[in-house]
Amino acid sequence: MEPRSAVYLETTAMAAELGHRARDPTDLAHILVSELCSATAANSPALWKLLDRALSSRLLSPLLSLSLLAPRVIPRRKSKPEAYRLFLELLNRYATFIPCLDSNPYRDKVVKSVDDALQLSQNYGFEKMGFGCVVVFFYLDLISKLIDSTMEDWGLKSGYEGEACEAMDVDDVVKMNERRNEHRENLRRTNARLALEVVEKITASKKTRILLRLVRLNMSEKFRDVMRRLQYIEVHKSTSPSLVSADHLLSKLFTNIQKVMDGEYQLAKNQVIGVLIDVHSCGWTSCHNSGAGRTPCWIPFDISMENAMDGKHLNAISCIEILAELTKTLQVVNQASWQETFLALWVSALRLVQRDREPLEGPIPHLDARLCMLLSIVPLAIAHVVKDDGAAPSLEQNCMLGISKNGYDQGSDGNKFSSKRHGLISALQVLGQFSGLLSPPPSVVIAANNAASKAHVFISSLKKGNGSRSGVVQNGPPVKAVGSMLHLIVEACIARKLVDTSAYFWPGYVVPQAPSNDSISTHESPWSTFMAGAPLIGSLKNALIMTPASSPLELERLYNIALNGSEEEKSAAAKILCGASLISGWNIQEHVVCTLIKLLSPPLPLADHMLMLNAILLGVSCVDIVHILSLFGKVPQVAVALLPLCEAFGSLSPPPDHRSCISDAPSAYSVFSCAFLFLLRLWKFYRPPQEHCIAGRVGNVWMQLTLDYLLLLHNTMIEIQKSAAIEGAKITIDPPNGSSVQPVYIDSFPKLRAWYLQNQAYIASTLSGMSNKNPVHQVANRILSMLYQKTAKNGSVSANPSTSSSNISGSPVNSGDDVHKRPMLPAWEILEATPFVLEAMLSACAHGRLSSRDLTTGLRDLVDFLPASLATIISYFSAEITRGIWKPVPMNGTDWPSPAANLLSVASEIKDILESAGVHTPDFHTSGTSPIMLPLPMAAFVSLTITFKLDKTLEYIHGVVGQALENCSTGFAWPSMPVIGALWTQKVPRWHDFILLTCSRSPFTRDKGATTQLIRSCFSSFLGPTLTSGSHLIAPLGVNGLLGEAISDEGFRLPVAPGFLYLRSCRLFHDTHFINEVILRMVVEWAREPATGWTSSGCTRLKSSRNSLAFAVGRAKEAASLGTSLLCVAGGLQLVQVFYEETLPTYLLTAREAESADKGSSGSLSHILEGYAIAYMLILSGASLWGVGETSSAYASLFSSKRARSVGIHLDFIVWALEGNITLGCNPVTWKSYVSCLVGLLVCFVPAWVPEMKQETLRKLTLGLRGWGEFDLALALLERGGPASMEEVVETVLRSP
């Protein structure tokens, strides 16, 4: 007892002495630690006892005391093992019991002292440290130093030691007799293990793990430093006896770190809401030949791809970017492995191709565009996804994979850290089981056989030892498929370096029987002959047009010939590039597209390349090729390349003998017209003014492309390119080609700008300001004289109905030879005068001075003379139809063409199509004495369009006319599409099915009831009918029920899939709020159905078991996934913003009578499911467009940059409601379920959104959650709030019990 009493007395005396010297606890801690570490009192038991008593009694702050001791004791642990042992004991007792200090000067002194002692500001890059940051970095610094010291004491040099650990080798006094002291040696050895035990105990604390997770979420590089140390331990564990002996301790430490990375928050599992976030239901349970058995949560893939096939919509950004972001989003939201994700992506793309096996004949994208999606866009999108995978797994993956291999992480998802590339390979191997989707279309059989034969030759060559990789090319009629779509997919992946030729050795990949000689002919590729220097003439030219190129080198040589060859060679090279290489050269399709765009910007003077440009412009005018360019996101670049062509060739006069661009040789007029109409196809130049607005909100329903917007996109990409070059960042967009390496503005093209402004002016208002001596009006007179040589002498075509002897300018008509002279003027001058020509022609026809036949003939002659004038005709007629100032004319077959012969049958077939999709509309009344009437501009335009021949050389005209004609039909109240459809089916019977399907979209332009029925049919066909819907659309369900198995099969087939009709009609919807409200109502109705079903089935017990609830949650997720997809394709970014900012808040504020009738457990469950469904829909709709995390610069400029505003507005609304500032109309259970699930989904799926929110909003939201008892959820939200939230998180954690 004497030594103990002596220590007690000494401690008491020291406490009294130190207390006199210290002014406050901070000074006392400094003095006590200084005394402890002095040379005279280093091992004083009384001082250590005093420190222990001061810490246990909370007289001293453990944070401050341990921080002061650490840099003084740890570096001297070898010379003073006793002090190090006592320090570790103090850590073991007090490190996990750091109290939260109130904000006062004492806390500020503690913060500054800890910062100075550990040099936290310097080491972690913070200029000003708050209490929360100090606590977090104290633990991080302490864990790092203890791990480093243990590794060094065990003879391992990790190489990650910081400055505080570099002094470990420098002891103040190292004496040989101390090294021989067996007791101290044992103490040093046990200290190393004890330090590791302290680290394990610290990381085992839930509070510490939360603080470490703050570092991982907000300062990932600092957390990776810890991971590097653990990785080093894992690598050297087998070679170090000390590490082997500490195996069990290390396993606990690794498990603790795993919990840090996983996140540990969870909603209360004893509540139904807690189970909602935890349900995993989107994996692949089985493989079916057609893929129909997969879970419906992947439906966004199918809808996105089918939507991309709409020929009337061109993409502002590459589908590669869109699909890549959607892939990453669905992988996160569906909580799926990469194998499941990539498998779903491939199956959706195969189904896309399958739906066009027997395509409708008409000017729409067909199989070529769908194959481009499967074999070019999808592989490139996957390449974007896996590019971050790197050559090796990340530090966290390496470390945690090591944990899993050694059994430390029992029960975790084994696929969580698997490589994306490994998931892709596994998905491709599993894809071979979907035999029903892999059968190639007839036109692709030869290509599939070639791919299979290439693998067979490769394997045979390796077996023979020569390693040859030469392939074969097959020609001839369709043959029995030896290869399959899988072979083409694998070749596309090999070309993008996603997989290598080891895929040839997959079981069952190579067909064992070789094809017979009579079914496959083998010969040398014509491209080999071309690369050998053969001229581009005759059979070689034709063979190259029919055979896709196989390498960029071949394209490069072709490009040089197109620029520098003879005129004949230039034209031939252009036609070859627009042939099979562009359409079916899937492995290098992106290179072909870029080469074509480069050729659209040849060196000056442009006139020297007229033949080459004419061949390219005609070649790319095909609907499929235009759509392929759109899929690659090249619309802005193509538009920029076309601007100088239009400016230059539009300023040149035609040859003196020019009469028609349709039949004459290429000229300035023909090249200008091709370039100009191609440019106009890229944006909706004919849109009437009111179509740029929507009800109650300025903006487009869908982000329509305009010329200004296209130039803005291009210039934005230029700036992104420059910024990335300066910062040395890796970008994912393709660099601009040709001359478009600088920002482009319309002011640089004065002629085009003048027409652009004039076009906008006469769309917005009627023509005015006639002048007798205006040069433009004089040109218009010359055009009229050319068109009406006979009637012009009588002055029948006049702008003034009261003076039939006057022409447009008001001067007498000259009957001499000049009146018949064609105006051989630059195209821009002709276009400038064309609106006045059209005004005069329509006025003359309306007043009986010009017959309908002469009007149509004059319009056709004008288009023949200058096809580019069709642009002005469309804009002018569209505007005049919308104004409604022209009287209707009878379509009686005498004055105007009559649709009477087949109008009734066409109207009946349209009605059948709509009814097969679940849409019932009033009958189209054509009986009675009233004649069929159309407004004069519409009648004239329709009559003009049916005069064009269906010639391949006129595709650049048909591509503009078709969309404009359908748009014009929506410009007035009377339904005109059946009349237009009847006239066109008379002209082109083989387009019958395409025309009917186009006409069936017309009711959705103005009939909200029809739109509601169509949306309901989409839900019924995909999910099955509800008990109250009364729908008869029962089978098939799923993707096939929604989108159909094929568009057509031996002619048009009923029923038409509702989803397919929706995707082709959704861009005609005008009322944003209405579409959002309808889709939201449908999602809620189908989400609540399981609870209603349980009640109606007579079950009296709440189905709260996990299986029953999993089914209900799965149903809600499926409904939300479908609703999200329909919403996003209908209105894109604008519709989602309206959904966040207006639609959903309005829904929650509105009281509904149906909810008051829901009582009992089933009613509560239905409200819970309702809240979950709308929360899931909100998160998924935003994530589908904005991404779940960091996106590419190009994608962010269009979509992700809009995220913070919309999400912030919606969270502010939630906060106002939680504070009681808003009276909600929804059920309280729905509200609580919605808010809890929304925050849970934010935390789980899109944590990158949280730091973008205002800190005040997050703080108030967490207060509301705590009021509901959701403490863990509130904390999880704050954790992801960025560095600005660290202070509040730490205080919350330290104050919690």
Side-chain angles (χ1 to χ4, degrees), residues 7 10-77 79-80 82-124 126 128-142 145-146 162-165 167 172 1290 1294:
V7 170
E10 185 179 359
T11 301
T12 304
M14 288 183 175
E17 179 184 352
L18 295 175
H20 288 297
R21 293 165 54 187
R23 291 170 294 181
D24 57 34
T26 307
D27 291 337
L28 179 59
H30 277 279
I31 295 172
L32 182 56
V33 171
S34 298
E35 291 293 332
L36 271 174
C37 297
S38 64
T40 57
N43 296 321
S44 171
L47 283 175
W48 286 101
K49 184 66 176 178
L50 177 61
L51 178 59
D52 181 43
R53 289 179 58 189
L55 291 174
S56 63
S57 63
R58 300 299 177 92
L59 175 63
L60 297 181
S61 165
L63 173 64
L64 175 59
S65 302
L66 297 176
S67 298
L68 295 174
L69 280 172
R72 301 180 180 182
V73 174
I74 295 178
R76 297 174 175 84
R77 64 186 181 278
S79 61
K80 300 177 181 178
E82 295 87 355
Y84 186 48
R85 166 59 66 90
L86 293 171
F87 170 70
L88 292 176
E89 293 291 348
L90 290 177
L91 284 177
N92 197 40
R93 291 185 186 182
Y94 302 111
T96 57
F97 296 100
I98 294 179
C100 183
L101 301 178
D102 295 329
S103 181
N104 53 43
Y106 170 64
R107 187 172 84 165
D108 295 338
K109 291 185 66 175
V110 170
V111 168
K112 186 178 185 308
S113 298
V114 174
D115 186 16
D116 293 341
L118 299 179
Q119 299 181 343
L120 298 180
S121 298
Q122 178 180 346
N123 294 337
Y124 295 101
F126 273 67
K128 184 178 180 181
M129 282 279 184
F131 177 73
C133 291
V134 163
V135 174
V136 170
F137 295 134
F138 162 75
Y139 281 115
L140 185 65
D141 189 74
L142 186 63
K145 287 179 178 178
L146 290 179
E163 293 181 2
C165 296
D172 292 337
V1290 173
L1294 296 184

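Below, each value reflects all heavy atoms present in this structure, side chains not excepted, and no hydrogens, waters or symmetry copies.
- A search for side-chain hydrogen bond (donor to acceptor under 3.5 Å, both in side chains) contacts involving Tyr139 returns nothing, not counting sequence neighbours.
- Listed here is the closest heavy atom pair of Ala70 and Leu118: CB-CD2, 4.3 Å.
- In terms of modelled atom types and a separation under 3.5 Å, the side chain of Arg77 and the main chain of Val73 share no donor-acceptor contact.
- Note that CG of Leu120 and CE of Met129 are 5.0 Å apart. Values are rounded to the nearest 0.5 Å.
- For Phe137, the ring pair (Phe, Tyr, Trp, His ring centres under 6.0 Å) test picks out Tyr124, Phe126, with sequence neighbours left out.
- Taking CG of Leu59 as the reference point, atom CG of Leu28 lies at 5.5 Å (rounded to 0.5 Å).
- Side-chain atoms of Asn123 come within 3.5 Å of backbone N or O of Gln119 as a donor-acceptor pair.
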Could you walk me through whether Ser34 and Arg72 pass side-chain contact (heavy atoms from CB on, under 4.5 Å), step by step? CA-CA 9 Å; Ser34 298; Arg72 301 180 180 182; 3.6 Å; yes

Could you walk me through whether Leu142 and Leu146 satisfy the side-chain contact (heavy atoms from CB on, under 4.5 Å) test, starting with their C-alpha distance in whole Å, then the side-chain angles of each, then the deciding distance to 0.1 Å, before giving a yes or no? CA-CA 6 Å; Leu142 186 63; Leu146 290 179; 4.1 Å; yes

What do the steps show when you test Val136 against Leu140 for side-chain contact (heavy atoms from CB on, under 4.5 Å), and what is the final call? CA-CA 6 Å; Val136 170; Leu140 185 65; 5.5 Å; no

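- Rounding to the nearest 0.5 Å places OG of Ser113 at 5.5 Å from CG of Leu64.
- Contacts of Asp108 classified as salt bridge (Lys or Arg N to Asp or Glu O under 4.0 Å), with partners at least two apart in sequence or in another chain: none.
- Scored by the side-chain hydrogen bond (donor to acceptor under 3.5 Å, both in side chains) test, Arg85 finds Thr190, Asn191 as partners (sequence neighbours excluded).
- The side-chain contact (heavy atoms from CB on, under 4.5 Å) check on Ala117 picks up Leu68, with sequence neighbours excluded.
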Listed pairs under 3.5 Å, donor-acceptor, residues 91-101 side chains, sequence neighbours left out:
from, atom 1, to, atom 2, distance (Å)
Arg93, NH1, Asp52, OD1, 3.1
Arg93, NH1, Asp52, OD2, 3.0
Tyr94, OH, Asp52, O, 3.2
Tyr94, OH, Asp52, OD1, 2.5

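- When all heavy atoms of Leu55 and Pro62 are compared, the pair lying nearest together is CD2-CA, 3.7 Å.
- In this structure, CG in Asp27 is found 12.5 Å from CG in Leu32, a value given to the nearest 0.5 Å.
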From CA spacing to verdict: side-chain contact (heavy atoms from CB on, under 4.5 Å), Glu35, Leu50: CA-CA 11 Å; Glu35 291 293 332; Leu50 177 61; over 6 Å; no

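- Of the possible polar contacts, one joining the Ser56 side chain to the Arg53 backbone as a donor-acceptor pair under 3.5 Å is found.
- Rounded to the nearest 0.5 Å, atoms OG (Ser65) and CG (Leu90) are 9.0 Å apart.
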